[in-house]
There are 2 protein chains.
Amino acid sequence: MPVRMQDVAQRAGVSVKTVSNVVNGYPHVRESTRRRVEEAIDHLGYRMNVSARNLRTRRTGMITLNVPELSLPYFAELADSVIRAADEQGWSVLIEQTGAERQRELEVLAGRRRHLTDGVLFSPLALGQDDLDHFDVDFPLVVLGERVFGARADHVTMNNVEAARAATAHLITTGRRRIAVVGAHAGEVIGSAALRLAGYERALADAGIPFDPALVGEAGLWHRATGAETMGRLLDSGTGIDAVFALNDAMALGALHALHERRIDIPGDIALIGFDDVDDVRYTVPTISSVDPGRDEIARTAVDLLVARIGGTTEPIRRIVPDARVVGRESTGDVRGDGERVVAVMPGRVEDTDVSPLPAG
Amino acid sequence: MPVRMQDVAQRAGVSVKTVSNVVNGYPHVRESTRRRVEEAIDHLGYRMNVSARNLRTRRTGMITLNVPELSLPYFAELADSVIRAADEQGWSVLIEQTGAERQRELEVLAGRRRHLTDGVLFSPLALGQDDLDHFDVDFPLVVLGERVFGARADHVTMNNVEAARAATAHLITTGRRRIAVVGAHAGEVIGSAALRLAGYERALADAGIPFDPALVGEAGLWHRATGAETMGRLLDSGTGIDAVFALNDAMALGALHALHERRIDIPGDIALIGFDDVDDVRYTVPTISSVDPGRDEIARTAVDLLVARIGGTTEPIRRIVPDARVVGRESTGDVRGDGERVVAVMPGRVEDTDVSPLPAG
DNA sequence: TTGTAAGCGTTATCAA
DNA sequence: TTGATAACGCTTACAA
């Protein structure tokens with residue numbers, strides 16, 4: 001029932017190999033032959049059986065993107081960027097959600113959930129540095145984020161420490177001294193929370209402001225709800241606060257909500273800055289300043305690295321950090337009304353390691 | 001180099017057929033045999049070559065979800081729900097973005113972009129009723145949304161007219177008479193904008209309130225930015241307004257921004273209600289009332305229908321409308337602080353048509 | 001309960 | 001520039 005190359009070949013009076021050549025754009029095909037084949041393809045409505053080609057070539061032209069969940073704006077926008085970047089190079093993207101569950105994240109690395117794709121972009125959230133060994137996988141893998149460093153896989157990450165330092169420094173520049181943090185993870189050494197907190201501490205140290213643990217609010221999950229709760233706790237604790245650094249934008253949105261509830265003027269009484277620069281922060285009242293970690297570049301870089309690995313490159317493992325920017329808006333008094341102002345730029349970097357990739361299995 | 005069933009069979013001392021039986025969970029395998037095979041699989045690190053199986057079975061276990069863009073919260077949340085629903089039944093989801101471009105949407109229907117998947121969930125935005133013929137495709141297809149009705153494909157849509165009527169009626173119940181609309185599309189007959197506007201008009205008629213075209217604000221793209229612009233235009237036009245029905249939540253967020261800018265009290269001076277019930281509206285100040293169109297049920301239903309079509313069902317084409325709810329929050333004065341109240345429920349329905357599906361090609 | 005053998009529709013090799 | 005033919009790794013009749 002389905003039309004095969006065989007059928008096309010027959011109608012065009014050529015061999016299947018020639019049809020294959022035409023379909024794949026092989027240049028050395030006589031023009032008249034090509035036209036006959038194309039006519040036959042159109043006439044019969046032939047469509048390539050991609051499974052057969054995949055079996056033969058051992059490639060599928062697809063990659064997997066594993067994220068916690070698309071409901072989180074950061075990951076939705078990341079997925080958007082990844083799909084665009086992949087599409088430009090002719091790749092398709094299969095998306096899986098781990099729900100930030102440890103078990104599912106381990107399954108990603110075990111390859112259990114990698115159905116048909118040539119490689120995996122993985123943004124873990126539950127795994128940590130202790131799970132480093134699990135990242136020695138036998139398929140092309142690029143890691144996103146800051147849960148794990150030093151894995152035997154290319155890694156695209158943010159300029160967390162520097163960006164957090166610049167964000168905090170920006171608050172200090174506007175005269176703030178009592179700067180609260182929303183979203184810390186106690187005891188964490190690496191991970192977005194720990195790194196951003198480290199940047200915060202450095203900025204304080206640079207300015208000679210003592211670190212006050214009472215200003216640091218914990219929040220396990222980085223959602224809007226936890227941001228609102230944590231902000232509420234900090235405000236109700238009676239600690240004097242004149243600025244807030246929310247470690248991501250979802251929590252900044254929640255914090256804004258909690259601040260509004262208490263009729264606190266922003267930025268008059270308290271200034272607010274977030275991290276991620278998701279679309280939402282441009283439409284709140286006031287608009288929220290944030291750190292733009294270079295999402296498009298992260299996506300593009302990650303896809304490039306993965307495609308190169310799929311292509312069999314044996315370059316040493318690399319860690320890439322795109323440029324980041326602190327974007328000032330109303331919540332830090334940088335602009336009035338809409339609009340924004342880039343108040344700091346943290347240049348990215350490329351780190352070549354001397355670690356070779358495992359031979360692809 | 002790669003381990004094949006052959007290799008496993010050899011080590012276990014059985015035939016490939018037996019290995020296949022074990023891998024596929026075929027029940028009539030002697031326990032001791034099964035164990036030997038499993039030991040061999042573990043020992044050799046065997047993984048099924050999915051391309052080969054796909055070639056043989058003519059199935060890939062994947063479906064495509066085509067949406068305008070994941071950066072739009074509604075579609076991000078829809079994608080989340082679709083991936084979950086598909087995953088529960090063992091299906092994977094490949095996501096493609098059309099950017100709401102007509103050309104790309106036509107390519108979806110032409111099957112040009114359907115690489116390896118068994119069927120397509122398609123949420124068009126650029127195509128319209130005039131493109132009905134393009135929906136006669138030779139692959140399993142389920143249409144989402146309200147751009148096109150009567151296509152030869154199962155269709156999952158919202159209870160637009162009734163839900164919009166209920167949302168408007170709710171505003172009227174709270175004493176509003178000058179209710180503006182944000183997001184109309186002039187000249188549209190079907191499509192989300194036209195249907196929701198029709199519901200709005202019916203509610204006005206039900207209450208004996210004359211329709212005033214000056215209250216209807218156009219907005220081409222349903223983004224936050226256009227919502228803010230349109231709201232601004234309506235407010236600046238000098239038309240008296242005591243309530244706003246934004247035809248989706250993105251525009252409601254933008255409208256909220258514009259209202260805040262002009263220091264208008266919500267819901268004191270103007271009440272606001274949106275449509276979609278995305279996560280964002282729970283964290284704005286005030287929280288925004290909205291219409292919950294039953295996103296999870298839409299996703300689940302759509303996946304079920306598609307899987308049934310892939311399975312070759314010849315049931316007549318169906319149109320399914322899940323239950324919808326009007327959720328009251330602060331912006332319509334239904335609650336104070338967080339929390340919400342369901343103020344109306346519109347029961348869904350299943351419409352069986354007498355149209356048979358095209359034989360799958 | 002297990003084995004044998006014939007494809008599934010492509011691409012790769014080698015020859016013409 | 002084109003053609004014949006052998007894989008690719010799996011499932012599925014059909015046999016045993």
Side-chain angles (χ1 to χ4, degrees), chain A residues 1-41 44-62 111 114-118 139 312 360-361, chain B residues 1-41 44-62 90 111 114-118 139 360-361:
Chain A
M1 191 67 203
V3 183
R4 287 143 37 244
M5 266 192 184
Q6 188 64 254
D7 306 317
V8 175
Q10 205 148 34
R11 179 165 221 276
V14 297
S15 77
V16 284
K17 174 64 172 125
T18 301
V19 178
S20 174
N21 284 342
V22 169
V23 169
N24 292 296
Y26 181 70
H28 304 295
V29 177
R30 193 180 298 148
E31 192 47 39
S32 59
T33 312
R34 176 186 308 280
R35 243 195 301 272
R36 271 216 317 291
V37 171
E38 280 167 351
E39 185 279 330
I41 287 175
L44 298 172
Y46 167 74
R47 279 206 240 121
M48 164 85 72
N49 178 320
V50 186
S51 291
R53 168 202 270 173
N54 291 346
L55 175 58
R56 223 14 259 231
T57 61
R58 304 168 154 289
R59 286 288 164 78
T60 65
M62 303 194 307
R114 189 177 70 94
H115 297 296
L116 257 175
T117 59
D118 297 329
F139 52 84
Chain B
M1 193 64 206
V3 183
R4 286 140 40 238
M5 267 192 184
Q6 188 64 251
D7 306 317
V8 176
Q10 204 148 34
R11 180 164 220 277
V14 298
S15 75
V16 284
K17 169 65 168 119
T18 302
V19 178
S20 174
N21 285 341
V22 170
V23 170
N24 291 299
Y26 181 70
H28 305 294
V29 177
R30 192 180 300 150
E31 192 47 38
S32 61
T33 311
R34 176 187 307 280
R35 244 196 299 271
R36 273 216 316 291
V37 170
E38 281 168 351
E39 185 281 329
I41 287 175
L44 298 172
Y46 169 74
R47 282 209 236 117
M48 163 87 71
N49 179 322
V50 187
S51 291
R53 168 203 270 170
N54 291 346
L55 175 58
R56 207 37 247 241
T57 60
R58 301 166 158 290
R59 286 286 163 77
T60 66
M62 302 195 306
R114 190 177 69 95
H115 297 297
L116 256 175
T117 58
D118 297 329
F139 52 85

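Below, read A as the first sequence line, B as the second, and so on, with proteins coming before strands; counting in each chain starts at 1.
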Taking [atom1] from [X] and [atom2] from [N], how many angstroms apart are they, rounded to a whole number?
| X | N | atom1 | atom2 | answer |
| --- | --- | --- | --- | --- |
| A/N54 | C/dT11 | CG | P | 10 Å |
| A/H28 | C/dA16 | NE2 | P | 21 Å |
| B/Y26 | D/dA13 | OH | C1' | 12 Å |
| A/R59 | C/dG9 | CZ | C1' | 20 Å |
| A/R58 | C/dT10 | CZ | C1' | 14 Å |
| B/R56 | D/dG9 | CZ | C1' | 11 Å |
| A/R35 | D/dT2 | CZ | C1' | 18 Å |
| A/L55 | D/dC8 | CG | C1' | 4 Å |

Which of these nucleotides, [options], is closest to any side-chain atom of [X]?
| X | options | answer |
| --- | --- | --- |
| B/R4 | D/dG9, C/dG3, D/dG3 | D/dG9 |
| B/T18 | C/dG3, D/dG3, C/dT1 | C/dG3 |
| A/N21 | D/dT12, D/dC10, D/dT2 | D/dT2 |
| B/S20 | D/dT2, D/dT11, C/dA12 | D/dT11 |

- Below 4.0 Å: OP1/OP2 of C/dT11 and any side-chain N or O of A/R53: yes

- Query: Does a nitrogen or oxygen in the side chain of A/Y46 sit under 4.0 Å from OP1 or OP2 of C/dT10?
  - Reply: yes

- Under 4.0 Å between a Lys/Arg side-chain N and an Asp/Glu carboxylate O for B/E31 and B/R35? yes

Mind checking if [X] touches a base, just sugar-phosphate, or nothing, with heavy atoms under 4.0 Å?
| X | answer |
| --- | --- |
| B/V50 | nothing |
| A/N24 | sugar-phosphate |
| A/T33 | sugar-phosphate |

- Which residue lies more 5' along DNA chain C, comparing B/V16 with B/V29 via nearest heavy atoms: B/V29

- Message: Is it the case that the side chain of A/S20 and the backbone of A/V16 share a donor-acceptor pair, with hydrogens and angles ignored and the cut-off at 3.5 Å?
- Response: no

- Message: Keeping B/D118 on the side-chain end and B/T60 on the backbone end, is there a donor-acceptor pair under 3.5 Å?
- Response: yes

- Message: Checking A/V37 against A/N21 for the side-chain contact (heavy atoms from CB on, under 4.5 Å) test, could you report, in this order, the C-alpha distance in whole Å, the side-chain angles of both residues, the deciding distance, and whether it holds?
- Response: CA-CA 10 Å; A/V37 171; A/N21 284 342; over 6 Å; no

- Query: Given B/L44 and B/Q10, is the side-chain contact (heavy atoms from CB on, under 4.5 Å) satisfied, shown in steps?
  - Reply: CA-CA 11 Å; B/L44 298 172; B/Q10 204 148 34; over 6 Å; no

